[in-house]
Number of protein chains: 2
Amino acid sequence: MAEKDDCGTEAEAMEEALRSEGVRLTRQRKAILQVLAESADHPDAHELHRRAQEADDSVSLATVYRTLSVLETKGVVQRHAFEGAPARFETADAPHHDHIIDLDSREVIEFTSPEIERLQKEIARRHGYEVVSHRLELYCRRRR
Amino acid sequence: MAEKDDCGTEAEAMEEALRSEGVRLTRQRKAILQVLAESADHPDAHELHRRAQEADDSVSLATVYRTLSVLETKGVVQRHAFEGAPARFETADAPHHDHIIDLDSREVIEFTSPEIERLQKEIARRHGYEVVSHRLELYCRRRR
DNA sequence: CTTTTATTGCAACTCATTCGCAACTGCAGG
DNA sequence: CCTGCAGTTGCGAATGAGTTGCAATAAAAG
């Protein structure tokens, strides 16, 4: 099916990017990359560990954390620390976006707003700053 | 001096608000409220503990945390968990605002943007949600 | 295949924050 | 002013996410 093909492709693309950065591709890292590519939700480290172990039960939690750090510094994944919960991860394939967090289901919805982005830069400039990174999260509930 | 008077007033206002909520005003809580009222920066729990102990060295860290929880649920203080750092606190006297965090000095600058606020609500609505709370933080560096 | 050196699993550790519990203390009522 | 007791406290132990030291292992270069 198409999704699986895409994920395979995405995992390969990430592996390629890492190889060219001189990152050694171990069995464990491949498993983690595969899981990340297949995950449309935003899993946390424990969930990724659980999923990665299905493919290779030798993967330890420590390695999941270490791998996520490497992938983050290489720009392959993004880490999001939402309010009062362990950090969650997603592949960094899509361009920048912000998040709506459904307070009831904990589901995460992505959105972008060039307008808000522009306003942020302008506010920073007014205060003599330039934006290095930002965090915009809307904690929401479904409207009745 | 004026500032001290204001702080005294602010601490009293908070005490009053708490009393009317049926919160017992202990020596330790008064010390913590006083410190919070005097703090223009955004101290974390350990810093508040250090400052509160100057007035009353019996204040324990556990009590600082417990008091901050009470004050937060009573709407008297606000907790902010910025990236990769312990939570920081401020009195909830001023109306809602967002934050610029100076990555070099860790200083916090407050700002508001009704325009961004409006856009957030609109985005949430477009996705079938209503905003319960949000978090907007700009991690910045001074412009050269 | 061997070597070199990054990576791994494990268990022990850190750090912010919370909790159990016995001792203590505001404060409502005498 | 004095009492009683439910709400609070200090202490130390516990928790939970995330990190780290170390000896064993395994990519990848030759």
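Here is how names work: the chains are called A, B, and so on, in the same order as the sequence lines, proteins then strands, and each is numbered from 1.
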Thinking salt bridges, do B/R51 and B/D41 make one under a 4.0 Å N-O criterion? yes

At what angle, to 10 degrees, do the two end axes of the helix from C/dC1-D/dG30 to C/dG30-D/dC1 meet, given five pairs define each axis? 40°

Which residues in residues 63-73 of chain B have at least one heavy atom lying under 4.0 Å from any atom of DNA chain C? B/Y65, B/R66

Across all chains, not counting sequence neighbours, the side chain to side chain contact (heavy atoms under 4.5 Å, CB included) partners of B/T26 are B/Q28, B/R29

Check every nucleotide of DNA chain C for an atom under 4.0 Å from a heavy-atom of chain A, then give the first and the last such nucleotide from 5' to 3'. C/dT5 to C/dC10

I need the full list of salt bridge (charged side-chain N to carboxylate O under 4.0 Å, His left out) pairs touching residues 92-113 of chain A, with sequence neighbours left out, sorted by first then second residue. A/D104-A/R141

Interatomic distance, A/L33 CG vs D/dA27 C1' [rounded to whole Å]: 15 Å

Quick one, which residues of residues 15-31 of chain B touch DNA chain C with a heavy atom under 4.0 Å? B/R24, B/L25

So that I can tick it off, tell me whether A/R50 and A/E47 are bridged by a salt bridge, with the cut-off set at under 4.0 angstrom between side-chain N and carboxylate O. yes

Determine, for A/Y129 and B/R143, whether the Lys NZ or Arg CZ falls below 6.0 Å from the six-membered ring centre while staying within 45 degrees of the axis. no

B/V131 versus B/A124, closest heavy-atom pair with distance: CG2-CB, 3.5 Å

Residues that B/H96 engages under ring-ring contact (aromatic ring centres under 6.0 Å, His included), provided they are two or more places apart: B/H134

May I have all residue pairs that pass salt bridge (charged side-chain N to carboxylate O under 4.0 Å, His left out) and include part of residues 117-127 of chain A, sequence neighbours excluded? A/E115-A/R118, A/R118-A/E122, A/E122-A/R126

Ignoring hydrogens, what is the shortest heavy-atom contact between B/S39 and B/V35? Give both atom names and the distance. OG-O, 2.7 Å

Keeping to residues at least two apart or across chains, list the salt bridge (charged side-chain N to carboxylate O under 4.0 Å, His left out) pairs with something in residues 73-89 of chain A. A/E21-A/K74, A/E72-A/R79, A/E83-B/R135

Value in whole Å for how far the P atom of D/dG18 lies from CD of A/E47: 14 Å

Taking ring-ring contact (aromatic ring centres under 6.0 Å, His included) as the definition, give me every residue that meets it alongside B/H127, ordered by chain and number, with sequence neighbours left out. none

Co-membership, hydrophobic cluster, residues B/L36 and B/L25, 4.5 Å side-chain: yes

Go through A/R144 and B/E130 one step at a time and tell me if the salt bridge (charged side-chain N to carboxylate O under 4.0 Å, His left out) criterion holds. CA-CA 9 Å; A/R144 277 141 301 165; B/E130 58 189 336; 3.2 Å; yes

B/H42: what forms a ring-ring contact (aromatic ring centres under 6.0 Å, His included) with it, not counting sequence neighbours? B/H99

Please list, by residue number, the residues of residues 50-61 of chain B whose heavy atoms come closer than 4.0 Å to an atom of DNA chain D; answer none if no residue qualifies. B/S58, B/V59, B/S60

Here the pair of heavy atoms bringing A/A45 nearest to A/L61 is O-CD1, 4.1 Å

